[in-house]
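These notes are about the structure you will find just below.
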Amino acid sequence: MTPGDIDKIAEETGFSGVVWIDRAGQIEFAKAYGLANRAYQVPNSVDTRFGIASGSKGFTALAVLSLVQDGVLELSSTARSLLGKDLPLIADDVTVEHLLTHTSGIGDYLDEEADGEITDYFVGAAHELTTTEAFLPLLDGHPTKYRAGERFGYCNGGIVVLALLAERASGVGYHDLVRDRVLRPAGMTRTDFLRSDELPADAAVGYLPLDGVDRSNVFHLPVLATGDGGIHTTAPDISTFWRAFFAGDIVDSVAEVVRPRRDVPEDSRRYGLGFWLHESTDTAMLLGYDAGASFKSTHDPHTGTTCTVLSNTSPGAWPIARAFTA
C-alpha cells in the first residue's frame, strides 16, 4: 500500500486520527488526519494522545504477568481466593489464566455478544467509575455463561476482575501497577490513564454521531477506566512498547505471552495471554473499539515492523487498518 492509497482511504472515510508504520525503529509512514478537538478546530498530530479502548487489555495482562513473575500471583490462582464474598456468581474454579485467555465463562457487564449500538449508554453513572473497586456493582449479578476453560468468549468484565485481583494481591492500585510495571519499563513517556472529563490539550476528544451531530463520548465510558480500557497513548509510544515488550524489558516470559492458547476462527485470529495473534503468523496485535475510540496495532517480531492506526471516532480506524494490517 502506498501513501497515496492511505490518503485516499482517509479522505473517502473522513478518517480522524494517526497512521504510523515503522520497521525496526525506522519510520516509513507517519501522518495525522482530522481534528483532535472539533469545537476549537485543533488538528490531530502524530504526537496526539488517543484513547485505545480495549487495547489497554494487553497492558493489564502484562501487569498481572509481572506479578506472576514476582511470585505475587500464579496463573493457577483462583479469583475466589482474592474476591472473598464479592462477585458470588463467579465460579470457584475460575483462575487468573482463564481470565487472561477469555475462557473464564463469567457473565460480562459489557456483553459483546448482545445486540447494541456504539452510541448506547452502558455504564450508568460514568463519573463514579474512577477506581477498580467502584466497578464491583457493575460486575455483579451476571450469571456464568459456560464452564471455565470450555471455550473462548471475549469478556470485558473478566479483565476488570483481573485488575481487581492484581490490586488485592499486590496492595497497589491498578493504575500505578500498570505505570510501574509496564509503562515505565517500556519507556512510554506519553502514555497514561487520563480522565475523560479533564483531557489535556494534547489528547484527542472521542466523538460519536448523536442526534445528527458529533458529540463527545464523555457520558459513554467510565471517567477513569480500569482493566479493560482507559489508556491514552501516541503512535510513537506504541512502537516503543512493542520493541520493549519483545526485548523482554517488561516480562521475561515473552514467548509464553504470545503463544497461541485459543483459536478464534470467527475473527480469523488466535489469542495468547492478553494479546490477539494473527491466525497463521507470529504477528501480535492490540485492538480497541469503543464509543469514540478505535485502534489497531500489529507487530511482526521477525521484521520489527509495527503498523498502528489510532482514531478518535468509531470505527474510524478499521478501514485503514484492514487495508494494511490484514
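Numbering starts at 1 and runs along the sequence shown.
Within the 4.5 Å cutoff, no side-chain heavy atoms of F241 are placed close to those of T308. Taking the side chain as every heavy atom from C-beta outward, S56 and T226 never approach each other to under 4.5 Å. Residues L310 and I52 have side chains in contact (heavy-atom distance under 4.5 Å, counting atoms from C-beta outward). S314 has its side chain within reach of L208: a pair of non-hydrogen atoms, C-beta onward, lies under 4.5 Å apart. Between L177 and L67 the shortest side-chain heavy-atom distance falls below 4.5 Å. V161 has its side chain within reach of L139: a pair of non-hydrogen atoms, C-beta onward, lies under 4.5 Å apart. A heavy-atom distance below 4.5 Å is not found between the side chains of V182 and S66. At a threshold of 4.5 Å between non-hydrogen side-chain atoms, the residues H142 and D108 do not count as touching.
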Starting from the C-alpha separation in whole Å, work towards a yes-or-no answer on side-chain contact (heavy atoms from CB on, under 4.5 Å) for Y33 and T13.
CA-CA 11 Å; Y33 304 82; T13 61; over 6 Å; no
Between E256 and V68, is the side-chain contact (heavy atoms from CB on, under 4.5 Å) condition met? List the steps.
CA-CA 12 Å; E256 282 300 295; V68 171; over 6 Å; no
Would you please test D237 and R190 for salt bridge (charged side-chain N to carboxylate O under 4.0 Å, His left out) and show each step?
CA-CA 7 Å; D237 256 18; R190 302 285 314 289; over 6 Å; no
Run the numbers on F135 and L164 for side-chain contact (heavy atoms from CB on, under 4.5 Å), then give the verdict.
CA-CA 9 Å; F135 277 77; L164 184 64; over 6 Å; no
Let me see the working for Q69 and L65 under side-chain contact (heavy atoms from CB on, under 4.5 Å), right down to the final yes or no.
CA-CA 6 Å; Q69 181 174 289; L65 291 168; over 6 Å; no
Applying salt bridge (charged side-chain N to carboxylate O under 4.0 Å, His left out), run through K31 and D7 and close with a yes or a no.
CA-CA 9 Å; K31 191 170 181 178; D7 288 342; 3.0 Å; yes
Step-by-step side chain to side chain donor-acceptor pair (under 3.5 Å) determination, N217 to S196:
CA-CA 8 Å; N217 63 355; S196 63; over 6 Å; no
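Checked against a 6.0 Å centroid threshold, the rings of W276 and F152 count as neighbours. F245 has its ring centre less than 6.0 Å from the ring centre of F275. In summary, the aromatic rings of Y154 and Y271 are positioned with their centroids too far apart to meet the 6.0 Å limit.
Note on I9 and F29: same hydrophobic cluster, where clusters join Ile, Leu, Val, Met, Phe, Trp and Tyr whose side-chain heavy atoms are under 4.5 Å apart, directly or indirectly. With hydrophobic clusters built from ILVMFWY side chains whose heavy atoms lie under 4.5 angstrom apart, V218 does not share a cluster with V42. Hydrophobic clustering, with ILVMFWY side chains joined whenever heavy atoms are under 4.5 angstrom apart, keeps L35 apart from F15.
Residue Y207 shares its hydrophobic cluster (ILVMFWY side chains chained together at separations under 4.5 Å) with L194, L199, V205.
Annotation: E28, atom CD; neighbour count of heavy atoms from other residues, nucleotides and ligands within 6.0 Å is above 12. Around atom CD of E266, more than 12 heavy atoms belonging to other residues, nucleotides or ligands sit under 6.0 Å away. The number of heavy-atom neighbours closer than 6.0 Å to CD of Q26, taken from other residues, nucleotides and ligands shown, is 12 or below.
When all heavy atoms of N156 and S54 are compared, the closest pair comes out as OD1-OG, 3.9 Å. N312 and S16 make their closest contact through OD1-OG, 2.6 Å (heavy atoms, listed as atom of the first residue, atom of the second, distance). Nearest heavy-atom pair, R168 versus D86, reported as atom, atom and distance to 0.1 Å: NH2-OD2, 2.7 Å.
With R80 contributing its side chain and I90 its backbone, the two residues share a donor-acceptor pair below 3.5 Å.
With no hydrogens or angles considered, no side-chain donor-acceptor pair links D300 and T281 at under 3.5 Å. Remark: the D47 side chain and the T234 side chain contain no N/O donor-acceptor pair separated by less than 3.5 Å. Side-chain atoms of E74 and S76 include a donor-acceptor pair closer than 3.5 Å. If you check the side chains of H299 and T306, you find a donor sitting under 3.5 Å from an acceptor.
Checking each of T233, I250, V178, V64 against F59 for a side chain to side chain contact (heavy atoms under 4.5 Å, CB included) leaves exactly one that passes, namely V178.
Ionic pairing of E11 and K8 is not present here: no N-O contact between side-chain nitrogen and carboxylate oxygen is shorter than 4.0 angstrom.
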